[in-house]
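These figures come from a predicted structure and were not determined experimentally. First the proteins, then the strands, lettered A, B, ... as listed; each starts at 1.
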Amino acid sequence: MHNLEELIMEWRKSAGIPGVNAEILEELETHLRESTEQLVRSGTPLPDAFQRAVVELGAMPKISSEFRKLEERLWLPVKLAVGMTGLLALVLTIFLAATLDSSRAGLVLAAHIFSVTLGYTLTLLIGGLGICFVTQRTFADFSSSRLHAIARISFVLGSVALFFTTMGVLLGMIWAKLEWGRYWACDSKELGGLSVVIWLACYLIAHRFFKNSARGVLAISMLGNIVVSLAWFGPWENGLHRYGSPNTSMLLTGAILVHLGFFAIGFVPAGRLRLRSNG
Amino acid sequence: MNASPGAVLQILELIVLTYIALTCIERVMKLEKELVAASSVPLILSILLEGDSYGYAIIQRVKELSGGKIEWTDGMLYPVLHWLEDRRMVRSRWEKADSGRKRKYYSIQTAGRETLREQKEQWMAVTSTLNQIWRAQHA
């Protein structure tokens, strides 16, 4: 003889399909319990009552496809991030093609610049999504389906960023071997690249560990901006990668403080700054 | 073998009674799928205007109000609720009921009230137009 918990557990095994996140599943489970208990109270035996409740709830693939339709409408900052990445890739390709040195080392260097720039920029854009998220959340909370959709997009973007950054670091090592006769010298720029790779790997792992805390992973994505800023503009005294100036450290400190400020905003309760409109 | 007149009468009586019973059973009219879909948003918002509620209770209320004429697949209510939440027409919160069970309650928001007001006007316009046509046709 089955009890309700066993029946629910069996149903859960088959119900966990893409498009239905943990919170939706919990809501559907609550519904199933209420419906079953109501039928049992009216005299239907438990297995029959549960079976009827499952049928009345409807087929999970159909419910999941309805939920997926909700996710199709992209959040504006995500559209902007994807658009900017595409544009940057295009501009970089044109720029590198125009200034291409056709030697072997030149090709490797062009591929290194392309990969690293794209990887770093994507990481910054993910952090930008985090900033947009915490800011918008202080005015109005996100629905759970929207929240999970954004978290999933940041995971996909993070995976692409990790791929390009890793490729960039590896290509940089190959170029260093061709030009300087060594792969790795632990200089600040190389360590910066490695830090971004490690950060992105940790960020993707955090997605796996905090599956039910999309808010948390979106908030920590801002810390990636600090890592990238330090990796990109931090080693300004390094001969090969002199992007900055003595003022860079001041700008970097300011940028870090701003990001930490936004990170702190992530702890503000949702809708705190909402105008008194919703009752 | 010949049937007695009494047995024939009994069979006839049974047939007549079955016919009467069948004609007396009210056939529950079901609404077209499209109409059910179109009416889901104003229905949900109207129910939430009565007070905060959760999925199962909303479905029960719809069944009760429509006398079973509006039949939803229970699970299809939730994507609509999430869609409404996405558009800030409703807000949700998890709350522990007296039974100790956690339920997700939905409450209507200003945007939801606005939408409901607009939809109400549209539905009123449709029903009054249809009523006028049908009244004229009956006259």
Between the side chains of A:H207 and A:S154, is a donor N or O closer than 3.5 angstrom to an acceptor N or O? yes

Do B:W83 and A:E66 have side-chain atoms, one donor and one acceptor, less than 3.5 Å apart? no

How are the rings of A:W199 and A:Y203 set to each other: parallel, tilted or perpendicular (split at 30° and 60°)? parallel

Do B:Y78 and A:H31 have ring centroids that are under 6.0 Å from one another? yes

Check whether A:I63 gets within reach of chain B through its side chain, its backbone, both or neither, counting any heavy atom under 4.5 Å. both

With a 4.5 angstrom heavy-atom cut-off, is it the side chain or the backbone of A:E37 that approaches chain B, or both, or neither? side chain

Contact class of B:I59 relative to chain A, heavy atoms under 4.5 angstrom: side chain

Please rank A:Q38, A:E34, A:E56 by heavy-atom pairs under 4.5 Å with chain B and give me the top one. A:E34

